[in-house]
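Everything numeric in this text was worked out from a predicted model, so none of it was measured. Hydrogens, waters and symmetry mates play no part in the numbers below; they use all other heavy atoms, side chains included.
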Amino acid sequence: MPEGPEIRRAADRLAQAVVGKRLTDVWFEFPRLKTYEESLKGETVTSIETRGKALLTHFSNGLTLYSHNQLYGVWRIIDSGSEPQSTRVLRVRLATHDQTILLYSASDIELLNAETLAAHPFLQRVGPDVLDMTLTEQQVSERLLSSRFRRRQFSGLLLDQAFLAGLGNYLRVEILWQAELAPHHRAQDLDEKQLVNLSHALLAIPRHSYRMRGTMDENKHYGAAFRFKVFHRSGQPCERCGEAIEKTLLSSRPFYWCPGCQI
């Protein structure tokens, strides 16, 4: 499943294609959404934003298209009037005079007004978004130490969208490696330095993945080319200590770590 940085980059591309342009055609595959097609024609897409792994497409008439790609959903951008070849099932088509955006295969799709958007169960449940640049390391630290999360093992906590939205498996792996922490640890067991390092990594790594697809060097400076430090590197030497990276299964997801320096 794509994680927060991938969803945000997709939203940026979609926004560049259609935001501010009048919709010339609107089509929904689900019968419950068909009644909205005519009312959206002639409106404009005012913005496209993300909340964790959900994507919100806002229209000038006050409606919002909520979509969650889950495992199989994918957005595509095409020139208007062209007919793309795909074996996927088309769910949504939003066309402007020059470009069209298409949503394939997703099943979690709704049209919401301001009231139902504010009350949406998923949006109410998710925590602060790691790509929200107003979210600070201090706030993340406070959230880690809150009564709700302080006793949770990081193996599960870093996949829980109620803790921080937008995290996923590769980010979980890379964040814990960067913080030099094993997945069984809990926030209540950390010393001050460990807490600071983890709070920093929880924001720095997903934000850097979004901005640059880059990586950190041994001095925790950012480079320009992305490559995983531990994810999908089972059996290879850890760049920090030289121990062989190991792979296991945690919270039903593959987990990679270094037994030499993640203690």
Side-chain angles (χ1 to χ4, degrees), residues 1-19 45 47-58 64-78 84 86-92 94 99-110 122-123 125-135 140 156-178 201-216 222-233 250-256:
M1 180 186 295
E3 302 182 25
E6 289 71 45
I7 300 297
R8 180 64 65 86
R9 284 195 298 273
D12 290 346
R13 292 191 294 270
L14 295 172
Q16 187 175 20
V18 299
V19 163
V45 177
S47 64
I48 299 178
E49 64 167 317
T50 58
R51 304 272 184 90
K53 300 177 186 180
L55 192 144
L56 303 176
T57 303
H58 300 289
T64 295
L65 179 68
Y66 167 94
S67 61
H68 195 300
N69 285 3
Q70 298 176 312
L71 287 175
Y72 303 111
V74 61
W75 284 93
R76 293 284 184 261
I77 302 170
I78 63 170
S86 177
T87 58
R88 292 175 175 268
V89 179
L90 182 62
R91 303 298 195 189
V92 176
L94 302 176
Q99 291 191 292
T100 296
I101 60 175
L102 308 170
L103 177 58
Y104 290 96
S105 303
S107 57
D108 191 3
I109 305 170
E110 300 178 62
F122 176 83
L123 300 177
R125 185 173 67 249
V126 296
D129 194 311
V130 290
L131 297 179
D132 178 354
M133 298 306 171
T134 67
L135 181 65
V140 170
L157 181 63
L158 269 60
L159 296 178
D160 186 350
Q161 298 301 290
F163 169 56
L164 290 175
L167 297 181
N169 194 44
Y170 87 77
L171 289 174
R172 171 182 70 158
V173 166
E174 296 296 314
I175 286 166
L176 289 177
W177 182 86
Q178 186 63 40
L202 281 164
L203 295 184
I205 289 178
R207 289 175 179 181
H208 187 56
S209 177
Y210 163 63
R211 288 194 305 265
M212 299 184 64
R213 293 296 290 172
T215 188
M216 294 183 186
Y222 296 116
F226 179 82
R227 60 185 179 85
F228 294 122
K229 294 292 189 179
V230 280
F231 192 67
H232 284 169
R233 296 191 67 240
L250 291 176
S251 302
S252 303
R253 307 280 184 87
F255 184 84
Y256 303 80

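Not one N or O on the side chain of Arg172 forms a donor-acceptor pair closer than 3.5 Å with the backbone of Leu158. Ser251 contributes no side-chain N or O that, together with a main-chain N or O of Arg253, makes up a donor-acceptor pair within less than 3.5 Å. Between the side chain of Asn69 and the main chain of Lys53, no donor-acceptor pair closer than 3.5 Å is present.
A pairwise comparison of heavy atoms in Gly168 and Leu159 identifies C-CD2, 3.6 Å as the closest pair. The minimum heavy-atom distance between Pro5 and Pro206, with the atom names listed, is CG-O, 3.5 Å. Residues Ile101 and Ala17 come closest through the heavy atom pair CG2-CB, 4.3 Å. Here the closest non-hydrogen pair linking Arg8 and Tyr210 is CG-CE1, 3.0 Å. For the pair Trp75 and Leu65, the tightest heavy-atom approach, listed with the atom from each and the gap, is CH2-CD2, 4.3 Å. In terms of heavy-atom proximity, Ala201 sits nearest to Ile175 at O-CG1, 3.6 Å.
Taking the side chain to side chain contact (heavy atoms under 4.5 Å, CB included) definition, one finds that Glu49 meets it with Arg51, Leu56, His58, sequence neighbours left out.
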Could you please spell out the steps behind the side-chain contact (heavy atoms from CB on, under 4.5 Å) verdict for Asp108 and Phe122? CA-CA 11 Å; Asp108 191 3; Phe122 176 83; 5.9 Å; no
Go through it in stages, so that I can follow the logic: the residues are Val18 and Leu94, the test is side-chain contact (heavy atoms from CB on, under 4.5 Å), and I'd like the CA-CA distance, side-chain angles, deciding distance and then a yes or no. CA-CA 8 Å; Val18 299; Leu94 302 176; 5.8 Å; no
From CA spacing to verdict: side-chain contact (heavy atoms from CB on, under 4.5 Å), Gln70, Ser105: CA-CA 9 Å; Gln70 298 176 312; Ser105 303; over 6 Å; no
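Side-chain contact check for Arg233 versus Tyr256: every heavy-atom pair is 4.5 Å or farther apart. You'll find the side chain of Phe163 reaches within 4.5 Å of the side chain of Leu202, heavy atoms only. Ser67 is listed as a side-chain neighbour of Leu103, based on a closest heavy-atom distance under 4.5 Å.
With rounding to the nearest 0.5 angstrom, the OG1 atom of Thr64 is 11.5 Å from the CD atom of Glu110. The distance from the CG atom of Leu14 to the CD atom of Gln99 is 10.0 Å, given to the nearest 0.5 Å. With rounding to the nearest 0.5 angstrom, the OG1 atom of Thr50 is 11.0 Å from the NE2 atom of His68. Within the model, atoms NE2 of His208 and CD of Glu174 stand 11.5 Å from one another, a figure rounded to the nearest 0.5 Å. Within the model, atoms CD of Glu3 and CG of Leu131 stand 11.0 Å from one another, a figure rounded to the nearest 0.5 Å. Distance CG/Leu135 to CZ/Arg207: 5.5 Å, rounded to 0.5 Å.
Checked against Leu171 for a side chain to side chain contact (heavy atoms under 4.5 Å, CB included), the options Val130, Ile205, Leu164, Leu176 give a single hit: Ile205.
Using cut-offs of 30° and 60° for the angle between ring planes, the Tyr170 and Phe231 rings count as tilted. Taking the six-membered ring where the residue is Trp, Phe228 and His232 present perpendicular rings, their angle passing 60° and hence far from 30°.
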